[in-house]
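Chain letters run A, B, ... following the sequence lines, proteins first and then strands; every chain starts at 1.
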Amino acid sequence: MLDPQLLRQQLDDVAKQLSRRGFQLETKILSELEIQRKTLQADTQNLQSERNSRAKAIGKAKAQGEDIAPLLAEVGTLGDRLKKMEQQLADVQTSLENIQLTIPNIPHVSVPAGKDENDNVEIRKWGEPRQFDFAIKDHVALGEKLALLDFATAAKISGARFTVLNAGLARLQRGLTQFMLDTHSGEHGYTEVYVPYLVNADSLRGTGQLPKFEEDLFAEKTQGLYLIPTAEVPVTNILRDTIVSDDQLPIKYTAHTPCFRSEAGAYGKDTRGMIRQHQFEKVEMVQFIRASESYAALEILTSHAETILQKLNLPYRVMNLCTGDIGFTAAKTYDLEVWLPAQNTYREISSCSNFEAFQTRRMLARWRNPETGKPELLHTVNGSGLAVGRTLVAIMENYQQADGSIRIPEVLAPYMGGIEVLKK
RNA sequence: GGAGAGGUGGCAGAGUGGUCGAAUGCGGCGGUCUUGAAAACCGUUGAGGGUUAAACCUCCCAGGGUUCGAAUCCCUGCCUCUCCGCCA
């Protein structure tokens, strides 16, 4: 959510900045509602004030044993009028809020202008794609040949966009997850947390998935909960409705969770293999930070995700997403794209964003500034570190050998119980 | 699943229809005293809106209701705790 003050005072400027990302702000409706709100609120408060003073007078008179009947008569229909006006005000405020909840974040000045992913700007590249002297296979062919990847069985159990991992590959996924968590908690200073995978609507509203993106979620019917699309939701909501002290900052969490996405808008996209699944594993990093430090934190957090790719020796590039491609809640996003030889291209494996106060305003996540003594909104920065399923794909394809076997990256050796190669 | 208790400020905990946004204690902050510290004492200390500043308004889990007036009464929901049963 954007700052309501900003929407009141600099509506046209906000509209202009939002147009950079192709969003058209309904300035007319907003300013009309805002005028209504203002007058209604002032009138309502005046009536409330009158009610309060009259009620107090009655109380006082009664305490002194005076006859309160004439005072009661004076009050007349004030209560009813007030009730009506309060209702009107609430309606206007609800309308305003409903609009505000669907307005995306303002892109940071350093976000390049552009329409779609083709306009994203490459910031840097790391590693050399390996030259193969044999005909390479994609992860599906590799995995099925080794009997490690089983889409048919997953389809029988659940349907499309699921997979069953077998034996060494299942272990590799577990090892990868462990490796990522160990690196972030051990070397990057994050606190590991374990969180619920089912969350309520308030949490999803807090991080911005609701109300706009309900169709992307899996809903659980009996309790009205939702399966998390990312650990960002439960982890960020740890600080919802909380004021932390200055000496607790920055707060840095890492968590591993499965993620569940309906992929409603992705029919026919990435149908082969485990690139786009309804269920996948991800390790997430989340930072809560003072406003003045959030852009520096974004750079550092991005480097934490890069560290994982570097340790795994997987070539990648860093993209600065353009105004047309950044997510609804983000002010700036770097995507990390890993080299997939079978697709002969780079594919997204991590997304690192600064949300500024967009989420914390919805969540009321604040810190107390010791200089003013007042609570201020925190900024949130988060990123995948990394998407485990896609990392698995990248390892399979990049570490494949001529005989169809797959080497295990050296850093994962401690997690593999002596397995050095996945083979028949 | 059955039975009961309860949700109040950073924490603990009073308040059960009217000068209550809320006693008191602890904690925090400022000060006095002290060479310094502790102790003691004095003062101060919730959030949001609004205003140049004030006035003023809202918030005692959430949402409804009763009333001139609700933290306090009624209804619904959520959450927590205790006991019994079941159970990874």
When the [atom1] atoms of [M] and [N] are compared, how many Å lie between them, rounded to an integer?
| N | M | atom1 | value |
| --- | --- | --- | --- |
| B/U66 | B/C75 | C1' | 11 Å |
| B/G85 | B/U16 | C1' | 36 Å |
| B/A14 | B/G6 | C1' | 15 Å |
| B/U72 | B/A47 | P | 23 Å |
| B/C73 | B/C29 | P | 38 Å |
| B/C81 | B/G31 | P | 42 Å |
| B/C59 | B/C41 | C1' | 35 Å |
| B/C83 | B/U67 | C1' | 39 Å |

**OP:** Give a yes-or-no answer on whether the side chains of A/T183 and A/K311 include a donor-acceptor pair shorter than 3.5 Å.
**Re:** no
Look through every strand shown and name the nucleotide pairing with [N] as Watson-Crick or G-U wobble, where both distances are under 3.5 Å.
| N | result |
| --- | --- |
| B/U44 | B/G28 |
| B/G36 | none |
| B/C60 | none |
| B/G6 | B/C79 |
| B/C68 | B/G18 |
| B/A88 | none |

Original post:
Counting any heavy atom closer than 4.0 Å, what does A/N52 reach on the DNA or RNA strands: base, sugar-phosphate only, or nothing?
Top reply: sugar-phosphate
Original post:
Can you tell which of A/N237, A/N105, A/N382, A/T380 makes a side chain to side chain donor-acceptor pair (under 3.5 Å) with A/Q359?
Top reply: A/T380
Indicate yes or no: at least one non-hydrogen side-chain atom of [X] is less than 4.5 angstrom from one of [Y].
| X | Y | answer |
| --- | --- | --- |
| A/L165 | A/T163 | yes |
| A/T360 | A/M363 | yes |
| A/P4 | A/R361 | yes |
| A/I103 | A/L30 | yes |
| A/L176 | A/L312 | yes |

Rounded interatomic separation in angstrom, taking [atom1] from [X] and [atom2] from [N]:
| X | N | atom1 | atom2 | result |
| --- | --- | --- | --- | --- |
| A/Q87 | B/G63 | CD | C1' | 12 Å |
| A/Q64 | B/G18 | CD | P | 16 Å |
| A/L82 | B/C68 | CG | P | 13 Å |
| A/L40 | B/C57 | CG | C1' | 14 Å |
| A/R240 | B/A62 | CZ | P | 14 Å |
| A/D43 | B/C56 | CG | P | 18 Å |
| A/N369 | B/G28 | CG | P | 20 Å |
| A/L89 | B/C59 | CG | P | 13 Å |

Subject >> Given RNA chain B, 5'-ward residue of the pair A/Q48 and A/I58, judged by closest heavy atom >> reply: A/Q48
**OP:** Would you kindly compare A/E86 and A/R54 by the position of their nearest RNA chain B nucleotide and give the one closer to the 5′ end?
**Re:** A/E86
Original post:
Out of B/U66, B/U19, B/C68, which nucleotide sits closest to the side chain of A/K83?
Top reply: B/U66
**OP:** Look at the rings of A/F162 and A/H278 and say which category their plane angle falls in: under 30° parallel, 30 to 60° tilted, over 60° perpendicular.
**Re:** tilted
Original post:
Parallel under 30°, tilted from 30 to 60°, perpendicular over 60°: which one fits the rings of A/H188 and A/H184?
Top reply: tilted
Original post:
Checking only heavy atoms, does the side chain of A/K56 share a donor-acceptor pair with the base of B/G18 at less than 3.5 Å?
Top reply: no
Subject >> Contact pattern, 5' to 3', of nucleotides 43-55 of chain B - B, S or - by protein heavy atom under 4.0 Å >> reply: ----SSBS-----
